[in-house]
**Student:** 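Dropping a structure here in structure tokens format, bear with me for questions.
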Amino acid sequence: MFIRFLSVSCRTAMSACQKPKVVFVLGSPGAGKGTQCKNIVDEFGYVHLSAGDLLREERNKPGSQYGELIESHIRNGSIVPVAITCSLIEKAMNDSPANKFLIDGFPRNKENLSGWAESMADKVDLQAVLFLDCPEEVSTKRCLDRGAQGSGRSDDNPESLKKRFHTYMNDTMPIIEHYEKQSVVRKVDAERSPAQVFEDIKDIFNALQ
Ligand SMILES: Nc1ncnc2c1ncn2[C@@H]1O[C@H](COP(=O)(O)OP(=O)(O)O)[C@@H](O)[C@H]1O
Ligand SMILES: O=c1ccn([C@@H]2O[C@H](COP(=O)(O)OP(=O)(O)O)[C@@H](O)[C@H]2O)c(=O)[nH]1
Ligand SMILES: [Mg+2]
């Protein structure tokens, strides 16, 4: 308990402690972010925080004041207000004893970026932005297959996918470009098999350690 308290307060104070390391994982819906994050967790010991999973978990909490708002954004492929997403990410980081995190599917638009800059950026060490690059037709098919296999997701359907891709192209690509200008983006061709994609990712993470 004391150690737990120490780790959280120490991180908050950002005194002599090392800031937690963060890698953002971005790419189109269905690019394979969740799949590759699992591989990275197994091989490199990061903790995986999927912003989408955190939002779905919050939506499912009985009596959550944000449940309906979150569901409406997910179904429409639009982006949940950053204060909600950022606070879920920060809480998950503080609840974990780990010191390196994959943040999957965030930041997705300018508002996400500025919200993160205001409340979190100074508290972490951003190591890289892993960009899984996958064409729309391939990614869409993967999401539709995922839906057909029973993902239970309210957004793995043709109508929501059109909107998700619109958001991705218009709102998320500019964020990737923003990080490209800072030379922190590590781009991987995500159209290949999961094992082939992970071969490239391994090289990237070996170079980060
Ligand atoms: N490289 C790949 N080739 C084929 N299918 C893949 C690949 N990576 C992931 N998938 C499958 O595509 C679907 C979407 O993958 P997921 O990792 O959930 O992507 P994202 O988190 O980017 O939406 C899942 O059903 C997954 O099993
Ligand atoms: O930072 C985030 C991450 C996700 N979402 C919402 O959650 C949905 C699903 O995101 P997820 O990353 O789970 O989808 P994926 O890209 O993995 O298919 C998105 O379309 C958004 O509506 C959001 O608003 N902010
Ligand atoms: Mg995902």
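Note that ligands are numbered from 1 as they come in the structure, with each ligand's atoms numbered from 1 the same way. Because only heavy atoms are used, hydrogens play no part in the values below, and waters and symmetry mates are left out as well, while side chains stay in. As the structure is a computational prediction, the values presented were derived from the model and not from experiment.
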**Student:** Should the proximity of Thr167 to ligand 2, defined as any heavy atom under 4.0 Å, be assigned to the side chain, the backbone, both, or neither?
**Tutor:** neither

**Student:** If the cut-off is 4.0 Å to any non-hydrogen atom of Ser28, which atoms of ligand 1 fall inside it?
**Tutor:**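 This gives 22 (O) as the contact atoms.
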
**Student:** Under 4.5 Å side-chain heavy-atom separation, chaining through any Ile, Leu, Val, Met, Phe, Trp or Tyr, what else clusters with Val197? Say none if it is isolated.
**Tutor:**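 When side chains under 4.5 Å apart are linked, the cluster holding Val197 also contains Val23, Val25, Ile40, Val41, Phe44, Tyr46, Leu102, Leu130, Leu132, Val188, Phe198, Ile201, Ile204, Phe205, Leu208.
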
**Student:** Given Arg56, Lys33, His73, Arg164, which has its nearest heavy atom closest to atom 13 (O) of ligand 2?
**Tutor:** Arg56

**Student:** Looking only at non-hydrogen atoms, which of Gly52, Ser78, Gly77 approaches atom 21 (C) of ligand 2 most closely?
**Tutor:**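 Going through Gly52, Ser78, Gly77 one by one, Ser78 has the nearest heavy atom to atom 21 (C) of ligand 2.
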
**Student:** Looking only at distances, can you tell me whether any N or O atom of Gln36, backbone or side chain, sits closer than 3.5 Å to an N or O atom of ligand 1?
**Tutor:** no

**Student:** Which atoms of ligand 2 sit under 4.0 Å from any heavy atom of Thr85?
**Tutor:** 1 (O)

**Student:** I want to know if ligand 1 touches Cys143 in the polar sense, i.e. an N/O pair below 3.5 angstrom.
**Tutor:**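 No: no nitrogen or oxygen of Cys143 is under 3.5 Å from one in ligand 1.
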
**Student:** Under 4.0 Å, heavy-atom basis, I'd like to know which part of Asp104 is in contact with ligand 2: side chain, backbone, both or neither.
**Tutor:** neither

**Student:** What part of Arg59, side chain, backbone, both or neither, has a heavy atom within less than 4.0 angstrom of ligand 2?
**Tutor:**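 Neither; no heavy atom under 4.0 Å.
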
**Student:** Hey, does Thr35 come in under 3.5 Å of ligand 1, counting only N/O atoms on both sides?
**Tutor:**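 N/O-N/O distance under 3.5 Å: yes.
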
**Student:** Counting heavy atoms only, which of Arg75, Arg153, Glu111, Arg108 is nearest atom 19 (C) of ligand 2?
**Tutor:** Arg108

**Student:** If we only count N/O pairs under 3.5 Å, is Pro194 in contact with ligand 1?
**Tutor:** yes

**Student:** Got an N/O contact under 3.5 Å between Lys33 and ligand 1?
**Tutor:** yes

**Student:** If you measure every N/O of Pro29 against every N/O of ligand 1, is any gap under 3.5 Å?
**Tutor:**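 No; the residue has no nitrogen or oxygen that sits under 3.5 Å from a nitrogen or oxygen of the ligand.
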
**Student:** With heavy atoms under 4.0 Å as the rule, classify the contact between Ser193 and ligand 1 as side chain, backbone, both or neither.
**Tutor:** backbone

